[in-house]
Amino acid sequence: MNFDLTSDQKQVRDMVREFAQREVAPYIQEWDAKGEFHREVLTKMGELGILGLPIPEEYGGSGFDYISLALACEELEYVDTFLRVIMSVHVGLNSLALLQWGTEAQKQRWLTPQATGEKIATFGLTEPNAGSDAGSIETTATRDGDSYLLNGAKMWISLAEVADHFLVFASVDRSLKHKGLTAFVVERGMPGFTTGTIKGKLGVRAGNTGELAFDNVRVPLENRIGEEGEGFKIAMSCIDQGRFTVGAGAVGLTRACLDASVRYAHERETFGVEIGRHQLVQQMIAKMALGYETSWLLTAKAAELKNRGVRNTRETSLMKWHACDVALQSADDAIQIHGAYGFSNEYPVERFWRNSRGAVIYEGTREIHTILQAEYALGYRNDKPLSHPQPPAVGYENPELALTL
Ligand code: CAA
């Protein structure tokens, strides 16, 4: 076991860090306060190859491994969660799913322009009445000749008003429960398909979150991903990738909390000494340092399995659950260390807290992960190898791969 990063991984980390620090960090407090989404950030991410980081070069990507993807998510969320959310939906929940489940024609058509950032993608599973119980979605797909008619609505969809391609799940037969779910690519502009933005979010205010509505949207057969009834497995395998990006981003949020707290603990004095000298402040900082390391180690373990194309549902759930809980606790402690200043937006820690809160809900609530982990430990849940495994990472097979960034 070797914990050193390769030169490729370090270059990805440094490039993404430099991008996020230069293009977003100086403005994020203002964008967050005004609730503004800046589309040009996506364009720059596309130009730098960040939106196609783990996608093979033959589909327009950069061909890096999952450690590189994790480092990118860490650096992005160190600056703001909205940047990492872009990676979660565009790369994790959509592009990697097309790579795993799409036909060659579907990859050429949708994955390639997504990997270059020419087109933006997201994922639509959650509905007003179905979140954790994903198998009970109400959106329907009715076969009509060589197409399907989609009817229903999706809720809490990141990049809803920004994306061009939507990987959407609908049921072809609701009596079959999760075995009726089927996956489709819906494209912006299809008649009957509309999107909207949700206002009043607690966090990720510089991001775009919204809803999708389908009113007899005619979706051609060639837009179906996988077979009828394969949608639940496809959705869950997408979520295995999405959760990984969420957990890896939470590592960055914890590091941001730690760095802000250490800085402030050196600056602020009480009782004649800097507050870093007080043991109760030290305890909070020590917990952040520990949580950062454990979250990163769980991330690296899941990344290693993904690099080899091995099923990693248990390890990914564990890292997402742990890293997101650590980030929330770290943000809460960072506010405590900053005292009353932590309660105002003069310092970034209140934004860190608001941003960390959502990740304990989306991509599997804390409670879903707790149940999953208990079931694995008790032997009630045993994952089988997948019929369509995620291909091993290109960068892993060929560690000497030349940088294309
Ligand atoms: N990969 C592939 N197949 C999988 C899978 C995976 N990760 N997980 C489950 N499956 C398969 C199983 O093998 C099983 O197949 P068979 O029927 O052939 O045996 C089938 O799917 C059913 O699986 P389970 O028996 O495990 O289903 P369950 O009902 O016991 O548990 C659950 C399901 C774990 C509760 C699941 O519904 C779940 O994780 N819920 C949370 C949903 C979630 O995370 N939603 C987030 C939405 S995305 C989001 O928030 C982001 C956003 O929009 C921006």
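If you're wondering where the values come from, they're calculated on a predicted model, not measured in any experiment.
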List the steps and the verdict of salt bridge (charged side-chain N to carboxylate O under 4.0 Å, His left out) for Lys34 and Glu30. CA-CA 6 Å; Lys34 292 183 176 165; Glu30 186 188 339; 2.7 Å; yes

Asp333 vs Ser261, side chain to side chain contact (heavy atoms under 4.5 Å, CB included): CA-CA, chis, key distance, verdict: CA-CA 9 Å; Asp333 286 343; Ser261 299; over 6 Å; no

For the pair Arg366 and Thr370, evaluate side chain to side chain donor-acceptor pair (under 3.5 Å) and give the outcome as yes or no after the intermediate values. CA-CA 6 Å; Arg366 174 193 285 147; Thr370 306; over 6 Å; no

Go through it in stages, so that I can follow the logic: the residues are Ser147 and Arg218, the test is side chain to side chain donor-acceptor pair (under 3.5 Å), and I'd like the CA-CA distance, side-chain angles, deciding distance and then a yes or no. CA-CA 6 Å; Ser147 54; Arg218 187 169 288 280; 2.8 Å; yes

Can you list the steps and then say if Phe123 with Phe169 is a ring pair (Phe, Tyr, Trp, His ring centres under 6.0 Å)? CA-CA 9 Å; Phe123 176 84; Phe169 297 84; 5.2 Å; yes

Test log, rule side chain to side chain contact (heavy atoms under 4.5 Å, CB included), inputs Leu93 and Thr122: CA-CA 7 Å; Leu93 290 168; Thr122 190; over 6 Å; no

After noting the C-alpha distance and the side-chain angles of Glu350 and Arg354, does the key distance pass the salt bridge (charged side-chain N to carboxylate O under 4.0 Å, His left out) rule? CA-CA 6 Å; Glu350 62 86 35; Arg354 288 187 289 100; 3.0 Å; yes

Any chance you could lay out the side chain to side chain donor-acceptor pair (under 3.5 Å) test for Glu228 and Tyr148, step after step, and finish with the verdict? CA-CA 11 Å; Glu228 279 191 9; Tyr148 291 83; 2.6 Å; yes

Stepwise side chain to side chain contact (heavy atoms under 4.5 Å, CB included) test for Trp110 and Leu167: CA-CA 10 Å; Trp110 295 302; Leu167 182 57; over 6 Å; no

Can you list the steps and then say if Leu42 with Arg39 is a side chain to side chain contact (heavy atoms under 4.5 Å, CB included)? CA-CA 6 Å; Leu42 271 172; Arg39 179 70 175 73; 3.6 Å; yes

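Between Arg84 and Val246, the closest side-chain pair of non-hydrogen atoms falls below 4.5 Å. Residues Leu5 and Leu71 form a side-chain contact, since some pair of their non-hydrogen atoms from C-beta on lies under 4.5 Å apart. A heavy-atom distance below 4.5 Å is found between the side chains of Met87 and Met45. No side-chain heavy atom of Ile137 sits less than 4.5 Å from a side-chain heavy atom of Phe232. A 4.5 Å side-chain heavy-atom check between Tyr362 and Ser158 finds every atom pair outside the cut-off. Under the 4.5 Å side-chain criterion, counting only non-hydrogen atoms from C-beta, Val172 is not in contact with Arg143. With contacts defined as side-chain heavy-atom distances shorter than 4.5 Å, the pair Leu51/Ile120 qualifies. Tyr376 has its side chain within reach of Leu372: a pair of non-hydrogen atoms, C-beta onward, lies under 4.5 Å apart.
For the pair Asn151 (side chain) and Asn216 (backbone), a donor-acceptor distance under 3.5 Å is present. A donor-acceptor pair is defined here as one N or O able to donate and one able to accept, closer than 3.5 Å; such a pair exists between the side chain of His90 and the backbone of Gln114. Between the side chain of Asn94 and the backbone N or O of Val89, no donor-acceptor pair lies under 3.5 Å. Judged by distance alone, the side chain of Asp65 and the main-chain N or O of Ser68 form a donor-acceptor pair under 3.5 Å. Between the Glu23 side chain and the Lys44 main chain, no donor and acceptor come within less than 3.5 Å of each other. Between the Ser317 side chain and the Thr313 main chain, no donor and acceptor come within less than 3.5 Å of each other. Checking side-chain atoms of Asn355 against main-chain N and O of Val204 turns up a donor-acceptor pair under 3.5 Å. Side chain of Lys320 to backbone of Gly364: a donor-acceptor contact under 3.5 angstrom is found. Distance alone, capped at 3.5 Å, places no donor-acceptor pair between the His165 side chain and the Val185 backbone. For Asn312 (side chain) and Val310 (main-chain N/O), a donor-acceptor pair under 3.5 Å exists by modelled atom type.
More than 12 heavy atoms of other residues, nucleotides or ligands lie within 6.0 Å of CH2 in Trp296, so this atom counts as buried by the packing criterion. Within 6.0 Å of atom CD in Gln336, 12 or fewer heavy atoms from other residues, nucleotides or ligands are found, so the atom counts as exposed in its surroundings. Residue Lys301 qualifies as open at atom NZ: its count of foreign heavy atoms under 6.0 Å is 12 or below. For Lys119, the NZ atom counts as loosely surrounded, since its 6.0 Å shell holds 12 or fewer non-hydrogen atoms of other residues, nucleotides or ligands. For CZ of Arg277, the number of neighbouring non-hydrogen atoms (other residues, nucleotides, ligands) closer than 6.0 Å is 12 at most. For Gln279, the CD atom counts as loosely surrounded, since its 6.0 Å shell holds 12 or fewer non-hydrogen atoms of other residues, nucleotides or ligands. More than 12 non-hydrogen atoms from other residues, nucleotides or ligands lie less than 6.0 angstrom from CG of Leu378.
Ring pair His38/Trp31 is parallel by interplanar angle, where below 30° counts as parallel and above 60° as perpendicular. Ring orientation note: the planes of Phe193 and Phe214 are close to parallel, at an angle under 30° on the 30°/60° scale.
Residue Ala72 comes nearest to Val12 through the heavy atom pair CB-CG1, 4.5 Å, listed as atom of the first residue, atom of the second, then distance. Nearest heavy-atom pair, Glu77 versus Thr81, reported as atom, atom and distance to 0.1 Å: OE2-OG1, 2.8 Å. Contact detail for Glu363 and Ser88: the closest heavy-atom pair is OE2-CB, 4.2 Å. When all heavy atoms are compared, the tightest approach of Leu69 to Pro54 is CD2-CG, 4.1 Å. Across Met319 and Ala302, no two heavy atoms sit closer than the pair CG-CB, 4.1 Å. Minimum interatomic distance between Ala160 and Gly196 (heavy atoms only, all atoms of both residues): CB-O, 4.0 Å.
Under the side chain to side chain donor-acceptor pair (under 3.5 Å) criterion, Arg255 pairs with Glu74, Glu75, sequence neighbours left out.
Tested against Asp383, the residues Arg314, Arg311, Lys233 include a single salt bridge (Lys or Arg N to Asp or Glu O under 4.0 Å) partner, Arg311. Each of Gln390, Glu315, Gln241 was compared with Lys306 under the side-chain hydrogen bond (donor to acceptor under 3.5 Å, both in side chains) criterion, and only Gln241 meets it.
Side-chain contact, Asn223 with Glu187: a donor N or O sits under 3.5 Å from an acceptor N or O.
Considering CG of Leu253 and OG of Ser356, their distance stands at 5.5 Å, rounded to 0.5 Å. Interatomic distance, Thr112 OG1 to Gln106 CD, rounded to the nearest 0.5 Å: 12.5 Å.
Judged by the 6.0 Å distance and 45° axis criteria, Arg224 is not positioned over the aromatic ring of Phe184.
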